Amino acid sequence: MQTTKDYVKLFFKQNKFVAFVSALVFIILSTTYSIVSWIMQVIFDYMAGNSTYSFESILLMLGGYLFVAASLFMVQRSVYPRFLEKAMNQYKEAVIKKLFKKSYSDFLITNSGTYLSVLTNDCERILETYLKNIFEFIQNIIMVVSSLTLMLYYNSLLTIIAIVIAMIPMVCSLLTARSIATREEQVSKTNESYVSLTKDILNGISVIKSFKVENEAISRYQNKSMQLEHTKKMREQTFTVVSACGTIAYMLTQFGVMVIGAWMIHEHIGTMTAGMILAFINLMNGILQPINALPRIYGGMSGAKKLITKMSDYMSNAKEDTGETIKQPLANIALQDVSYAYDTDHTILKHINLQLQAGKSYAVVGPSGAGKSSLINLLMGYYQNYDGSVHFNNYELKQISKYSLYEKITLMQQSVFIFDASIWDNITLFKQFPDAEVDRVIHLAGLDHLISQKGRDYQCGENGSHLSGGEKQRIAIARSLLKKSEILLVDEATSALDNETSANVTQSILDLQGILRLVVTHRLDASSLKQYDEILVMKDGALIERGNFDTLMDSKEYFYSLYTISK
Ligand SMILES: Nc1ncnc2c1ncn2[C@@H]1O[C@H](COP(=O)(O)OP(=O)(O)OP(=O)(O)O)[C@@H](O)[C@H]1O
């Protein structure tokens, strides 16, 4: 299992050189702060007439300093953003890959708004409060060390006094830093539910409008949005308090050192010049500024680490797909005494015994709640804790790798997901295929007319909003044909379509050759049902009858009454 540390390491993977050069530039730039103080002392002493440097050499020093600083900024411009870019790309890539390692049922446990938040808001916060702060942190440490060194050179007694006084803001920093991390975590949590609700409302906009519940939807949105803005306000308040504490402590310290320095000069303690005192006060900033920034940096970094830990927890049930690969072509699927319960009190599938032969077509019928979709989901490998056995050839479903399973099997549901891309991309799902191969499945799925009318590059819109239900279903058929899966599971795929389109789509599925088809249907239409090799009849989670249309009608049992009532 990957820990927070492992994810943090990803920022630096194959990114160490750029990180090193960036850190080096930050370090050198931070030491130039002491050089500025020293140049200030030289200029001030020159003004007072007790400098050993000529005016020309001071100008040369200034020019040299500006040249070095400008060159360093140029290097920083080139390496620092590159480090951030690669670090974030690697992190996001790892998260999305981990996400796809989750089984579908594990994926569903967490609300999709959470994943959205993890990949958007949290990534942004990690960039701002962790990655950028690493360098600021290094810069601040070096600034403190170089400033202290020069201060000690000027006057060790005043330096010690300054360090003692600087303890005040340091303690302040440490006391307040944790509260920022906590606030950061609260904002992230609230953002998750905000994103979930917003997504829900936008997806359900047609229901909301047609049921005239806009006001209720707006009020739910407002509540959530206010909650989010409230936690953000609290975070901002914490930042302000932390900042104010730092600033007050900072001012106290600076005035303290200034007053003691003035007193020392007045009392002739040590050998300080006025230029040195000026440089000293400036150097104090080199200590106080980092200390002042410490709560923000430390708090931000620990907050970001909490976000990484939270993400890592969400991904903790992602598993490597280590199961077996089905090597031979599919011969059959065999279910032996299979029972399944979503929860211990309700058994949904009861003692199912079933053999399905490669290349044949099966209709699954039964009343609502009979367990038809549950059977399909079981074959998709969504449930691992069923009783009995399910074999694809000789491989037990629980042992098969999902990658191998989904090479063999395709699921077509009522709601086909259509990407906001071209018809072509929706069929190929962004993979490369020979044009002739795609044209063949377009023809088989009955999409010729749509393509000739609109063109293969026609944009389907968000979730296929520019297409009809039948066109979406045909795209789903074309996808599965292109994938060359040996098993097609169809779950009420045509129930949302009008009779004619539904009959056409069903016929396209029935005409497919060499594919095992298991079709859940509510439409008890004799002309279609007669074409299936077998009809499986389910009731209360059990498989109660099976046979072809004529046999089932002749036996005048449950299917017979189901069919007769539907007419
Ligand atoms: N995720 C779930 N958690 C708990 N119970 C569930 C879940 N999904 C389905 N069920 C229950 O399992 C039973 C069978 O549902 P299933 O969807 O398999 O029936 P179905 O025959 O496909 O029904 P329909 O024809 O209405 O789609 C129902 O009682 C349903 O409430």
Side-chain angles (χ1 to χ4, degrees), residues 102-115 196 200 203 207 317 333 335 337-354 356 361-388 390 397-398 402 409-417 469 472-473 476 487-499 502 505-506 509 517-525 528-529 532 534-547 552 557-567:
K102 282 185 145 206
S103 68
Y104 184 60
S105 46
D106 283 340
F107 174 82
L108 293 180
I109 293 170
T110 310
N111 202 318
S112 62
T114 300
Y115 301 124
S196 279
D200 220 27
N203 284 342
V207 178
N317 51 4
I333 303 174
L335 285 80
D337 199 20
V338 171
S339 295
Y340 175 72
Y342 286 104
D343 53 69
T344 40
D345 296 340
H346 303 98
T347 306
I348 302 301
L349 295 175
K350 296 170 189 159
H351 307 288
I352 296 201
N353 287 295
L354 176 64
L356 304 168
S361 60
Y362 302 86
V364 186
V365 301
S368 182
K372 305 180 293 292
S373 298
S374 301
L375 176 66
I376 296 273
N377 290 344
L378 179 97
L379 293 174
M380 283 299 287
Y382 293 164
Y383 317 134
Q384 290 292 301
N385 52 338
Y386 52 82
D387 293 329
V390 180
L397 178 58
K398 286 176 191 167
K402 291 288 174 292
I409 205 163
T410 298
L411 172 63
M412 220 177 116
Q413 288 168 301
Q414 184 178 329
S415 57
V416 177
F417 189 82
K472 289 193 227 177
Q473 295 296 351
I487 309 157
L488 178 62
L489 303 180
V490 184
D491 191 0
E492 310 271 7
T494 61
S495 58
L497 308 179
D498 62 77
N499 284 343
S502 162
V505 172
T506 305
I509 294 169
R517 286 140 293 159
L518 187 69
V519 181
V520 171
T521 180
H522 270 136
R523 284 180 204 265
L524 299 184
D525 167 49
S528 291
L529 288 173
Y532 287 97
E534 227 176 336
I535 299 167
L536 313 171
V537 188
M538 291 189 73
K539 190 183 172 208
D540 296 331
L543 179 61
I544 55 166
E545 276 178 87
R546 58 183 295 182
L552 291 177
E557 305 241 357
Y558 185 71
F559 176 78
Y560 175 81
S561 55
L562 206 64
Y563 178 78
T564 320
I565 291 167
S566 75
K567 294 298 123 190

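Numbering starts at 1 and runs along the sequence shown. Values in this document were obtained by computation on a predicted structure and should not be read as measured data. Note that these values count all heavy atoms, side chains included, but never hydrogens, waters or copies made by symmetry. For ligands, and for the atoms within them, numbers begin at 1 and follow the listed sequence.
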Original post:
Can you check whether Glu557's main-chain N or O pairs, donor with acceptor, with Glu545's side chain at less than 3.5 Å?
Top reply: no
Original post:
For atom 10 (N) of ligand 1, which candidate among Tyr382, Tyr383, Tyr342 provides the closest heavy atom?
Top reply: Tyr342
Subject >> Shortest protein heavy-atom distance from atom 25 (O) of ligand 1, along with the residue and atom involved >> reply: Lys372 NZ, 2.9 Å
Subject >> Those atoms of ligand 1 less than 4.0 Å from some heavy atom in Ser374 >> reply: 14 (C), 15 (O), 16 (P), 18 (O)
Subject >> Flag, side chain of Asn353 to backbone of Asp337, donor-acceptor distance under 3.5 Å >> reply: yes
Original post:
Hey, is ligand 1 close enough to Ala370 that some N/O pair sits below 3.5 Å?
Top reply: yes
Original post:
Can you check whether a protein heavy atom sits less than 4.0 angstrom from atom 6 (C) of ligand 1?
Top reply: yes
**OP:** Indicate whether the side chain of Tyr340 and that of Asp387 have a donor and an acceptor atom separated by less than 3.5 Å.
**Re:** no
Original post:
To the nearest 0.1 Å, how far is atom 26 (O) of ligand 1 from its closest protein heavy atom, and which atom is that?
Top reply: Ser368 OG, 2.6 Å
**OP:** Report the nearest protein non-hydrogen atom to atom 23 (O) of ligand 1: residue, atom name, distance rounded to 0.1 Å.
**Re:** Gly369 N, 2.9 Å
Subject >> Nitrogen or oxygen atoms of Asp343 and ligand 1 under 3.5 Å apart >> reply: no
**OP:** Specify side chain, backbone, both or neither for His522, according to which of its non-hydrogen atoms lie closer than 4.0 Å to ligand 1.
**Re:** side chain
Original post:
Going by distance alone, is a donor N or O of one side chain under 3.5 Å from an acceptor N or O of the other, for Tyr383 and Ser374?
Top reply: no
Subject >> Minimum side-chain heavy-atom gap Ile544-Met538 below 4.5 Å >> reply: no
Original post:
Do the numbers put Lys539 on top of the ring of Phe559, so that NZ or CZ is under 6.0 Å from the six-membered ring centre and no more than 45° off the axis?
Top reply: no
Original post:
Should Gln473 and Val416 count as side-chain neighbours, where that means a heavy-atom distance under 4.5 Å?
Top reply: yes
Original post:
Between Lys472 (side chain) and Phe417 (backbone), is there a donor-acceptor pair under 3.5 Å?
Top reply: no
Subject >> Element-labelled atoms of ligand 1 that are located less than 4.0 Å from some non-hydrogen atom of Ile348 >> reply: 11 (C), 12 (O), 13 (C), 14 (C)
Subject >> Closest candidate by heavy atom, reference atom 22 (O) of ligand 1, pool Pro367, Ser373, Gly366 >> reply: Ser373
